[in-house]
Every structure is written in C-alpha cells, then in structure tokens.
Number of protein chains: 2
Amino acid sequence: MTNRRFTSLENPTNKETYKIIKEGLRKRAMIIIFSCCRVHYYGRAKSRLGLGERLIIIKPDGSFLIHQDRKVEPVNWQPPGSKAKVKIEDGKILVESRRRKPAEKLTVEIERVHTLSYYLVRDIHELEVAGHEEDMCQLILESPNIIEKGFRPIAREYQTSNGFIDILGKDENGSLMVLELKSRRAGVSAVRQLKRYLEDFKNDKHGVRGVLVAPSITHDAKELLEAEGLEFKSLEPPQELKKDNKITLDDFISSR
Amino acid sequence: MTNRRFTSLENPTNKETYKIIKEGLRKRAMIIIFSCCRVHYYGRAKSRLGLGERLIIIKPDGSFLIHQDRKVEPVNWQPPGSKAKVKIEDGKILVESRRRKPAEKLTVEIERVHTLSYYLVRDIHELEVAGHEEDMCQLILESPNIIEKGFRPIAREYQTSNGFIDILGKDENGSLMVLELKSRRAGVSAVRQLKRYLEDFKNDKHGVRGVLVAPSITHDAKELLEAEGLEFKSLEPPQELKKDNKITLDDFISSR
DNA sequence: ATATCAATGTCGGAG
DNA sequence: CTCCGACGTTGATAT
C-alpha cells in the first residue's frame with residue numbers, strides 16, 4: 001500500500017526490496033525492515049551475527065539500528081551521520097552503512113524480507129525530562145539550607161587538578177565544603193571521586209568537609225566514606241517538569 | 001495480512017489496534033507500531049513528550065522502546081521484564097508498561113496508527129564480538145613480551161584499596177609493573193586511575209612502574225603521565241572473532 | 001574537532 | 001538480589 005506519508009510491503013521480492021529501500025533513502029525517510037538476516041560490523045571493534053529474524057531501522061539522520069527480540073540496546077548500530085546504501089550481490093540484498101571517522105562499516109545480508117516500509121516522519125517535539133543531577137544542583141543553589149543550616153554555595157563546577165567539583169561552599173563555621181552530587185544510589189566510585197577532589201585542599205587551614213549528596217548510598221560506599229572521614233547527605237532529585245528560569249552563580253559572591 | 005509468523009495492518013481502527021496489540025502481547029510476539037502519539041514516563045526520572053510520529057517496539061522479553069526519527073537511543077523506554085498492557089480510554093488507545101522495582105511507568109497515548117504488526121521471532125544467535133579490554137588482557141597474558149622483553153604477569157584483577165589493577169607483573173629486573181588497559185584512546189581519567197593504584201605500592205623497595213596500555217593517548221593525558229613518571233605502551237585491541245580457549249592465571253606463579 | 005561528564009544509562013558478572 | 005565496572009557506550013556541553 002502506498003500513500004503520501006508511508007509505503008509498506010509484505011513479503012516483497014528482492015527487486016521490490018531494492019527499489020523501496022533506495023526510494024526511502026533518497027527521500028530521507030525512516031525505513032523499517034523486518035527480515036531474516038546476517039550482520040557484520042568492523043570498526044572500533046569487530047562483530048558477527050548469524051542468521052536470524054531482526055528488525056532493521058534506518059533513520060533520516062543516518063542512524064542505523066538492528067534489534068533482536070530481546071534487550072533495550074540494538075545488537076548492532078551506526079550513529080547519526082552514517083551513510084547507508086543498498087545493493088544486490090549474487091541475488092542477495094545487502095544493506096551497508098558507513099561512517100568516516102572513526103572508520104566503521106555495518107553490513108546486513110538479507111536472506112528474506114517479511115515486511116518493509118518507510119515513513120516521512122512529522123515530529124517536532126523534544127523530550128522534556130526532570131530528575132537529573134543538574135536539577136539537584138539547581139535545587140541546592142536555590143535552597144542551600146537543605147544541605148544543612150548555614151550552608152553557603154561559593155562555586156559550581158569548580159576546577160581542581162582531579163576534575164570539577166559539583167558544588168563548592170562553606171558551612172556556618174567558614175569551613176570549606178565539597179559537594180559531590182549523584183542523582184541515583186551512590187557507589188564506591190562516587191566516594192573515590194569525592195576523595196580525589198579533596199586532595200587539592202589537604203593543606204587548608206580551616207579544614208575541609210567532603211559531602212556526598214545522593215538519594216541513597218551502597219553499603220561498601222558508606223564504609224569507605226566513613227573510613228575517609230567524609231559525609232553523606234540524602235537528597236532526592238526533584239522531578240518537576242516546568243522549565244523554570246535557572247539560578248546562576250552571579251547571585252553568590254565567589255570569594256574563595 | 002495474516003500468516004503463521006506475522007500479522008500486519010495499515011491504518012487500523014481503534015478496535016483493530018486494541019485486538020492486535022492484545023493478541024501480540026498474549027503470544028509474546030514482537031510488536032511494531034508506527035503511530036502519532038504522546039508519551040509520559042514516571043519513575044527514576046519524569047518526562048513528557050508532545051504529539052508526534054514515532055516507532056513503538058514491544059519485545060517478548062518486556063523491553064519497550066519508543067524511537068523518534070533521530071538518534072540511536074530511544075526517546076523513552078522500559079527495560080526487559082516490564083509488563084505491557086493495552087486499554088481503550090475515552091475512545092483513545094493507551095499502551096502502558098510497568099516495572100515493579102524500581103517502580104516505573106511508561107504511558108503511550110496513541111492518536112492515530114499508521115501501521116501495526118507483530119512477529120513470532122526466530123532468532124537463536126548471540127552476537128560474537130572482539131576488540132575489548134578483555135581481549136587485550138588475553139593477548140598480553142598469551143604474549144607478555146608485547147609489553148616488553150622479559151615482562152612476566154603475576155596477577156589479573158589484583159585488588160588494591162583504590163580498585164582492581166588490570167594486570168600486575170614484573171619486569172626483567174624484578175620491579176613490579178602495574179598495567180592499566182584501555183581498548184580505546186586513553187584520557188586523563190585513565191592516568192588518574194593508574195596513579196591511584198600505585199598508591200598501595202609507594203613503599204615497595206624494588207620500585208614500581210605504572211604503565212598505561214592503550215591504542216593511543218590524549219595530549220593532556222600524556223602530559224600528566226610524564227609529570228607523574230608513568231609510562232605509555234601503545235597496543236591495539238586484537239579483533240579476532242574465533243573463540244579461543246582462554247588462558248588462565250594458573251599458568252603463572254602468583255609469587256608476589 | 002577534542003575532551004569531559006552525566007545517564008530513567010544498559011548489560012553482564014560476581015558475591 | 002545488590003554491587004560494581006565496561007561499553008563499538010550515546011549524547012550534550014565547553015574548549
């Protein structure tokens with residue numbers, strides 16, 4: 001069946017398959033193929049996938065996905081900007097996708113097509129999402145007292161020799177506080193990260209407090225944290241979708 | 001059209017859509033819907049996606065994907081093990097997917113279906129892939145001399161207070177060598193990682209060498225590496241697909 | 001283009 | 001089940 005917005009075929013011949021894929025690529029359509037195929041990849045790694053039925057998706061932006069009947073991740077893929085081509089070789093349909101840098105090539109050897117279609121997609125909306133580390137950061141800058149009474153932020157993304165501190169501030173006694181934020185349960189790696197940031201402040205005369213801020217913490221992480229004399233503050237990332245005007249650090253005096 | 005392996009419809013009515021999705025879910029088929037829809041998610045985060053045309057995939061293992069016409073990643077999804085349901089509410093098709101722990105819910109409000117199909121998928125093959133850190137490790141254990149003449153591995157995944165060392169060994173003079181492997185271009189974070197592992201060996205009498213093993217290294221990482229007196233050894237991850245019997249460390253004497 | 005960091009990361013393996 | 005680290009991570013942002 002064919003209309004203005006999409007074209008769809010069942011059990012097409014090789015000739016039809018070739019024609020429709022070619023047409024879909026030329027129109028920069030979203031192409032969907034359900035077929036029995038083999039897949040080969042060579043580039044950053046190398047992979048091979050034997051014969052089986054999979055869903056193939058070629059998007060207008062060059063993204064190329066091959067999905068098996070399990071898992072969220074595609075079994076093979078190419079990123080946006082890749083160039084797809086279709087060929088017939090020895091009476092078999094080959095679909096290839098290449099990327100230049102790094103050089104990568106994905107080849108799908110199609111044995112038999114079950115359904116084939118392409119769509120001229122109308123979709124202008126972007127996802128609006130809340131509940132990230134960034135949202136926690138905003139929340140703390142808006143309401144520093146949720147960390148503790150008297151906490152004052154000084155800097156955000158403060159650079160150290162071991163990376164960027166999420167939030168640097170002072171407690172009510174004037175001691176420096178280094179906050180490391182995680183939007184989900186924090187593990188030992190988060191504690192190690194915090195520990196590294198503190199190395200730059202080892203000689204600070206007023207003393208420095210390291211605080212891991214996350215909704216929860218693993219047992220091992222808690223142990224390491226306490227062994228290192230660091231602190232944990234439980235905080236859930238806020239999940240409000242309305243796009244609020246962001247608070248900048250201009251509101252705070254960067255006085256360190 | 002309907003046959004034993006798949007069912008496919010174009011521009012179905014709500015009633016047909018409901019029936020086919022229900023049937024596909026019951027048969028644990030892979031369901032593919034191209035439709036104009038809205039999407040809501042609530043769980044580890046919260047998100048909203050306005051009206052637009054997207055590809056919806058429901059897999060037999062419970063994975064649920066919504067793909068826009070761009071990017072490799074789905075715009076919304078649910079992991080394997082989630083439970084999908086279809087409803088009609090106020091004359092509109094709703095498809096929901098829930099997960100228990102953590103509690104997550106994805107809701108798709110379908111405005112209009114363009115194509116709808118489900119497949120009973122036959123696919124037994126797993127991906128065979130080569131070119132990982134693991135393959136480099138195997139290669140080095142098989143042929144230690146590629147690191148340097150006289151290099152002898154002692155332990156793999158050797159535990160320190162700062163995490164696991166990829167390979168620990170000795171050079172021909174008996175000095176300890178700590179190898180940190182990366183299957184791609186190494187950055188400063190890799191150097192910092194190596195640096196941390198060495199802390200446990202600061203007092204070793206024979207001296208310890210830290211070696212970063214990777215196909216290449218970033219400029220900043222090279223500088224930091226040299227400033228710390230560490231070394232770089234260029235090594236490409238092998239990309240051989242044949243499943244070779246793995247070498248275990250039983251072949252080496254753990255004598256440290 | 002390169003480097004760095006977060007993610008509803010996902011996934012696999014070990015305890 | 002939880003915890004931990006790798007990934008052809010991807011995607012976004014700053015340099």
Side-chain angles (χ1 to χ4, degrees), chain A residues 41-47 63 65 70-80 82 99-106 126-127 129-137 157 159 162-166 180-193 216-224 237 239, chain B residues 41-47 63-66 70-82 97 99 101-106 126-127 129-137 157 159 163-164 166 181-190 192-193 216-221 237 239:
Chain A
Y41 162 78
Y42 190 85
R44 282 172 289 175
K46 183 179 179 178
S47 78
S63 305
L65 311 176
R70 44 197 182 266
K71 305 280 180 286
V72 166
E73 298 288 305
V75 64
N76 281 110
W77 72 94
Q78 287 281 72
S82 306
R99 169 152 89 145
R100 281 293 163 84
K101 198 177 188 308
E104 290 181 297
K105 181 174 148 185
L106 184 65
E126 298 290 331
L127 187 71
V129 55
H132 299 300
E133 191 178 300
E134 174 61 24
D135 301 302
M136 292 176 77
C137 190
E157 296 294 308
Q159 187 163 19
N162 286 308
F164 291 83
I165 291 171
D166 288 329
E180 171 60 26
L181 312 185
K182 290 290 164 202
S183 63
R184 49 195 158 143
R185 192 171 178 80
V188 287
S189 61
V191 180
R192 285 202 287 255
Q193 199 177 339
S216 65
I217 185 169
T218 68
H219 181 262
D220 289 7
K222 188 88 195 261
E223 284 203 340
L224 180 56
Q239 302 194 353
Chain B
Y41 162 77
Y42 189 85
R44 285 172 287 175
K46 182 179 180 177
S47 79
S63 305
F64 196 121
L65 311 175
I66 300 168
R70 44 197 185 264
K71 304 282 182 287
V72 166
E73 298 287 306
V75 63
N76 282 111
W77 72 94
Q78 287 282 70
S82 306
S97 173
R99 169 151 89 147
K101 197 174 189 303
E104 291 181 295
K105 180 174 149 186
L106 183 65
E126 298 290 330
L127 187 70
V129 57
H132 300 293
E133 197 175 294
E134 173 60 23
D135 301 299
M136 293 176 77
C137 191
E157 295 294 312
Q159 187 163 17
F164 290 84
D166 288 328
L181 312 186
K182 288 291 163 201
S183 64
R184 53 206 151 129
R185 191 173 180 79
V188 288
S189 61
R192 287 200 289 254
Q193 202 175 338
S216 65
I217 185 169
T218 69
H219 179 262
D220 290 4
Q239 303 194 348

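Below, read A as the first sequence line, B as the second, and so on, with proteins coming before strands; counting in each chain starts at 1. Not measured: the values here are computed from a predicted model.
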Salt bridge R70(B)-E126(A), side-chain N to carboxylate O under 4.0 Å:
yes
Q. Judged by atom type as modelled, is there a donor-acceptor pair below 3.5 Å linking the side chain of Q78(B) to the main-chain atoms of S97(B)?
A. yes
Hey, are the side chains of R192(A) and L224(A) touching, using non-hydrogen atoms and a 4.5 Å cut-off? yes
Task: Side-chain donor/acceptor of D166(B) to backbone N/O of L181(B), under 3.5 Å - done: yes
Side-chain H-bond candidate by donor/acceptor type, R99(B) with S82(B), under 3.5 Å:
no
- For K101(B), report the nucleic acid contact type (base, sugar-phosphate, nothing); a contact means any heavy atom under 4.0 Å. sugar-phosphate
Rounded to whole Å, CG of L65(B) lies from P of dG9(C) at a distance of 16 Å
Using a 3.5 Å distance criterion without hydrogens, assess whether the side chain of Q239(A) forms a donor-acceptor pair with backbone atoms of S47(B).
no
Separation of dC3(D) atom C1' from E223(A) atom CD, nearest Å, is 13 Å
Listed pairs, N/O of protein and of nucleotides 3-6 of chain C, under 3.5 Å:
| unit_1 | atom_1 | unit_2 | atom_2 | d |
| --- | --- | --- | --- | --- |
| dA3(C) | OP2 | R185(B) | NE | 3.3 |
| dA6(C) | OP1 | E133(A) | OE2 | 3.4 |

So which protein N/O to nucleotides 11-13 of chain C N/O distances come out below 3.5 Å?
| unit_1 | atom_1 | unit_2 | atom_2 | d |
| --- | --- | --- | --- | --- |
| dC11(C) | OP1 | V72(A) | N | 2.7 |
| dC11(C) | OP1 | E73(A) | N | 3.1 |

Pick base, sugar-phosphate or nothing for K46(A), based on heavy-atom distances below 4.0 Å to the nucleic acid.
nothing
Value for CD (E180(A)) from NZ (K182(A)), rounded to nearest 0.5 Å, stands at 4.5 Å
* What is the nucleic acid contact for Q78(B), judged by heavy atoms within less than 4.0 Å: base, sugar-phosphate only, or nothing? -> nothing
In whole angstroms, the gap separating P of dC7(D) from CE of M136(B) amounts to 10 Å
Side-chain N,O (W77(B)) to OP1/OP2 (dT10(C)) below 4.0 Å: yes
Report task. Would you check if there is a donor-acceptor pair between the side chains of Y41(B) and E104(B) at a distance under 3.5 Å? Result -> yes
